[in-house]
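As C-alpha cells, the structure follows; a few thoughts come after it.
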Amino acid sequence: LAAASLSVLASVGVFFFLKEPVKDGDESNTTEGPPRANKSKNLRTILTTPALWPLVFMIMISGFKLNAEQLAYPYWGIAIAWTPQFVSFGFAVMSVAFLITTFGIIGPMTRRLGEEKTLAIAASIDVFALCGFLLTSNSALAFAWILLLALSSPLWGTVLISVLSRHAPQGM
C-alpha cells in the first residue's frame, strides 16, 4: 500500500509539476500559460484520439505486468521450494537478459522488421511466456519461461513508447 501510494503521488506530481521540454522548431510547445492547462490539453488530445487508446492501454498493462511479475516471482519460487539464493540468482539472470535485450536486440530487430511488427511479436511472446510461467511447476521450465519474459518484456515496452510517440498528434 505504501508503494502504491508513492506511485500515485509520483504520477500526480509528474502530471501537474513536470514541464514538457521545448523541442526545436515546436512553436506549439511553449511554456506560456499555466502548466496544468497544457497537460489537460494533452490528456484531452489522447482521450479524443482513438488510434492512441490501444497504445496507452498497452503502456498501462506493461507497467502493471512488470510490477506484478517482480512481486509474484519470489512467492512463486517459495511455493515450489526455491531457496532465497535461487530466487536472487533468477533476478540476476533476468537483469542480464534485460540488458541483452536493451542493448543488443531492440535495434537490429526494429531495423529488420519495423517497430509495429517488433511490438506485435514481442507482446505475443511475452503473453505466451507469462502463461507458460504461471502454468508450470517444473523449476527448470519455469526458469526458461522467466528468461523468455526477461527478454521480451523490455523489447515490447521500449518499442511501444517509440510507436506511441510516433503516432501522437503534433505538439504533444
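Annotation: the span from Met94 atom CE to Leu99 atom CG amounts to 12.5 Å, rounded to 0.5 Å. Considering CD of Glu115 and CD1 of Ile106, their distance stands at 10.5 Å, rounded to 0.5 Å. For the atom pair CG (Leu160) and OG1 (Thr118), the distance works out to 12.5 Å, reported to the nearest 0.5 Å.
In the hydrophobic clustering of this structure, Val159 groups with Leu113; members are Ile, Leu, Val, Met, Phe, Trp, Tyr whose side-chain heavy atoms approach within less than 4.5 Å, directly or through other members. Linking ILVMFWY residues whenever their side-chain heavy atoms come closer than 4.5 Å, directly or via other members, places Val93 and Ile105 in the same cluster. In the hydrophobic cluster analysis, where Ile, Leu, Val, Met, Phe, Trp and Tyr join through side-chain heavy atoms closer than 4.5 angstrom, Ile146 is grouped together with Ile125. Under a hydrophobic clustering in which Ile, Leu, Val, Met, Phe, Trp and Tyr are joined whenever their side-chain heavy atoms come within less than 4.5 Å, directly or via other members, Leu148 and Phe91 fall into the same cluster.
In this structure, the side chains of Met109 and Leu155 come closer than 4.5 Å at one or more pairs of heavy atoms. Proximity of Phe89 to Phe143: side-chain heavy atoms (C-beta onward) are separated by under 4.5 Å at one or more points.
Pro154 and Thr102 make their closest contact through CB-OG1, 4.2 Å (heavy atoms, listed as atom of the first residue, atom of the second, distance). Ala150 and Thr101 make their closest contact through O-OG1, 4.0 Å (heavy atoms, listed as atom of the first residue, atom of the second, distance). Asp126 and Trp156 make their closest contact through OD2-NE1, 3.1 Å (heavy atoms, listed as atom of the first residue, atom of the second, distance). The two atoms that bring Leu149 and Leu130 nearest to each other are CD2-N, 3.6 Å, heavy atoms only. Annotation for Phe98 and Ser153: closest pair CZ-CB, 4.4 Å, computed over non-hydrogen atoms.
Ring geometry for Trp145 against Phe128 counts as perpendicular: the plane angle is over 60°, on a 0 to 90° scale with 30° as the lower cut.
Under a 3.5 Å cut-off, the side chain of Thr136 and the backbone N or O of Gly132 do not form any donor-acceptor pair.
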